[in-house]
Protein chains: 2
Amino acid sequence: MSLRIALLGLLTAAGPSSGYDLTKLFESSISNAWQARHSQIYPELNKMAAEGLVTVEEAGPRGRKSYAITKEGSAELRAWMLDEQPSRMHRSETALRAFLLPTIEPHEAVALLRGQAEVLAAKMAELEAIRAKASVWRKPGFGRYALDLGIRQTRLLHDWAEETAAEIEKSAGQD
Amino acid sequence: MSLRIALLGLLTAAGPSSGYDLTKLFESSISNAWQARHSQIYPELNKMAAEGLVTVEEAGPRGRKSYAITKEGSAELRAWMLDEQPSRMHRSETALRAFLLPTIEPHEAVALLRGQAEVLAAKMAELEAIRAKASVWRKPGFGRYALDLGIRQTRLLHDWAEETAAEIEKSAGQD
DNA sequence: CGCATCATGTAATTGGTTACATGATTAA
DNA sequence: TTAATCATGTAACCAATTACATGATGCG
């Protein structure tokens with residue numbers, strides 16, 4: 001379900017696009033909200049076209065198809081936003097690693113966390129750079145809230161990793 | 001892969017357990033790190049037993065089987081922690097909703113966010129209560145880091161929802 | 001001409017959910 | 001005795017990844 005919502009959202013934010021365009025938008029723009037490969041996107045767009053949520057235009061060169069959201073598509077998106085209660089489903093490799101930290105030696109855990117923190121600092125810089133640039137979205141507002149949330153979450157993970165490393169180092173030093 | 005790692009971790013933290021026990025542990029203890037149903041857990045335990053990562057003891061009443069982690073299992077877990085680079089894979093319905101906020105009316109977005117904040121405040125209280133209680137884990141340390149991370153993440157989402165609602169309310173009021 | 005990129009698709013497999021199915025034990 | 005809980009499994013289905021497969025266009 002969420003894949004189709006993400007696609008409808010991208011079509012709303014970016015205007016009519018091809019499957020190829022949408023694949024790139026997933027990679028470059030909402031990758032920290034949702035992810036999908038072209039092999040999942042193409043069939044889903046065809047299904048959505050069959051159901052009348054989007055219209056197809058077989059026009060461009062190289063058999064390019066352009067998809068645009070329909071009234072029905074917008075209604076579906078709106079219904080999902082307002083009626084559906086957010087599922088608190090959660091699977092996070094990071095949280096799993098956090099749980100498993102005690103299975104390795106303290107010095108190993110510290111090294112792991114410090115390495116993570118470095119990666120996260122780089123990611124933060126990347127996201128801040130995106131925020132500084134002009135938006136890629138034709139409609140205003142899109143990206144702003146998700147990007148803000150992404151930056152906060154990345155900073156949180158970074159700080160957690162640093163502080164946890166320091167804490168483990170301190171308590172291991174006392175042994 | 002991660003399911004099997006989670007199972008090995010739970011067997012390390014809680015000691016020998018049945019599939020039924022592990023199912024409950026997923027629900028009650030590491031649900032904000034990983035989730036799994038019994039229909040996924042039972043077959044996976046059998047596969048792991050066949051591969052020598054765990055041993056089975058068909059002993060208890062009602063055909064209860066007890067599983068314990070082996071040396072090979074511990075090695076697999078350790079290898080995952082140290083060698084595997086964490087995948088930054090991310091699919092978050094919350095982040096997707098954040099991205100899609102501009103598709104609904106400002107007053108609707110504000111209501112949505114405020115409702116979310118309420119739910120998150122309740123969850124925070126729940127997690128704080130778990131932290132206050134004695135640990136369910138036989139081995140010390142487990143749960144501590146993941147729980148701390150979970151509390152921080154829940155607070156972040158709560159604050160983000162509140163602040164974003166306030167911001168939208170303010171800018172909508174100016175119109 | 002040759003390489004990068006544009007562009008779309010399908011097939012096989014793995015991961016995960018929901019629903020179906022069954023039965024033993026315990027406590028009120 | 002009957003309801004709750006303990007306990008294990010399978011089947012059908014949906015979601016997602018990886019790999020396979022093909023061809024057009026544009027640029028150097």
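The sequence lines fix the lettering, A, B, ..., with proteins before strands; numbering per chain opens at 1.
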Chemist: Given side chains that start at C-beta, do those of A/Leu127 and A/Thr154 come closer than 4.5 Å, heavy atoms only?
Modeler: yes
Chemist: Where along residues 27-57 of chain B does a heavy atom fall under 4.0 Å from DNA chain C?
Modeler: B/Trp34, B/Arg37, B/Ser39, B/Gln40
Chemist: Considering residues at least two apart in sequence or located in another chain, which fulfil the salt bridge (charged side-chain N to carboxylate O under 4.0 Å, His left out) criterion with B/Asp21?
Modeler: B/Arg64
Chemist: Mind running a 4.0 Å heavy-atom check of residues 75-92 of chain A against DNA chain D and sending the residues that fall below it, in number order?
Modeler: none
Chemist: For DNA chain D, note the earliest and the latest nucleotide, 5' to 3', having some atom under 4.0 Å of a heavy atom belonging to chain A.
Modeler: D/dA15 to D/dT25
Chemist: If you define the side chain from C-beta out and look only at heavy atoms, does anything of B/Val110 sit under 4.5 Å from B/Thr164?
Modeler: no
Chemist: Could you list the residues that satisfy salt bridge (charged side-chain N to carboxylate O under 4.0 Å, His left out) with B/Glu162, not counting sequence neighbours?
Modeler: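 In terms of salt bridge (charged side-chain N to carboxylate O under 4.0 Å, His left out), with neighbours along the sequence ignored, B/Glu162 is linked to B/Arg114.
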Chemist: In residues 16-25 of chain A, which ones come under 4.0 Å of DNA chain C, going by heavy atoms?
Modeler: A/Ser18, A/Gly19, A/Tyr20
Chemist: By the side chain to side chain donor-acceptor pair (under 3.5 Å) test, which pairs, at least two apart or in different chains, include something from residues 117-135 of chain B?
Modeler: B/Glu128-B/Arg131
Chemist: Near A/Glu51 CD, under 6.0 Å, is it more than 12 heavy atoms from other residues, nucleotides or ligands?
Modeler: yes
Chemist: Between A/Gly63 and A/Met1, which is nearer to the 5' end of DNA chain D once each is assigned its nearest nucleotide?
Modeler: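 Result of the comparison: A/Met1.
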Chemist: Salt bridge (charged side-chain N to carboxylate O under 4.0 Å, His left out) with B/Lys47: which residues, sequence neighbours excluded?
Modeler: B/Glu44
Chemist: Run the salt bridge (Lys or Arg N to Asp or Glu O under 4.0 Å) test on B/Asp148 and B/Arg152 for me, step by step, so that the C-alpha distance in whole Å, both residues' side-chain angles and the decisive distance to 0.1 Å come before the verdict.
Modeler: CA-CA 6 Å; B/Asp148 176 38; B/Arg152 289 184 189 216; 3.5 Å; yes
Chemist: Decide side-chain contact (heavy atoms from CB on, under 4.5 Å) for B/Leu147 and B/Asn32; before the verdict, give the C-alpha distance in whole Å, the side-chain angles of both, and the deciding distance to 0.1 Å.
Modeler: CA-CA 9 Å; B/Leu147 186 57; B/Asn32 79 333; over 6 Å; no
Chemist: In chain order, what residues pass the salt bridge (charged side-chain N to carboxylate O under 4.0 Å, His left out) check against B/Glu108, with sequence neighbours excluded?
Modeler: A/Arg78
Chemist: Sort and list the pairs that fulfil side chain to side chain donor-acceptor pair (under 3.5 Å) and have at least one residue in residues 79-89 of chain B, not counting sequence neighbours.
Modeler: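 For residues 79-89 of chain B: A/Glu93-B/Ser87, A/Gln116-B/Arg88.
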Chemist: Expressed in angstrom and rounded to an integer, what is the separation of A/Glu93 atom CD from C/dG15 atom P?
Modeler: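 In whole Å, C/dG15 P lies 13 Å from A/Glu93 CD.
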Chemist: Enumerate the ring-ring contact (aromatic ring centres under 6.0 Å, His included) contacts for residues 18-46 of chain A, please, sequence neighbours excluded, ordered by first and then second residue.
Modeler: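 For residues 18-46 of chain A: A/His38-A/Tyr42.
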Chemist: Is there any ring-ring contact (aromatic ring centres under 6.0 Å, His included) pair reaching into residues 116-149 of chain A, and which pairs are they, with sequence neighbours excluded?
Modeler: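 Listed once each, the pairs are A/Trp137-B/Phe99, A/Phe142-B/Phe99.
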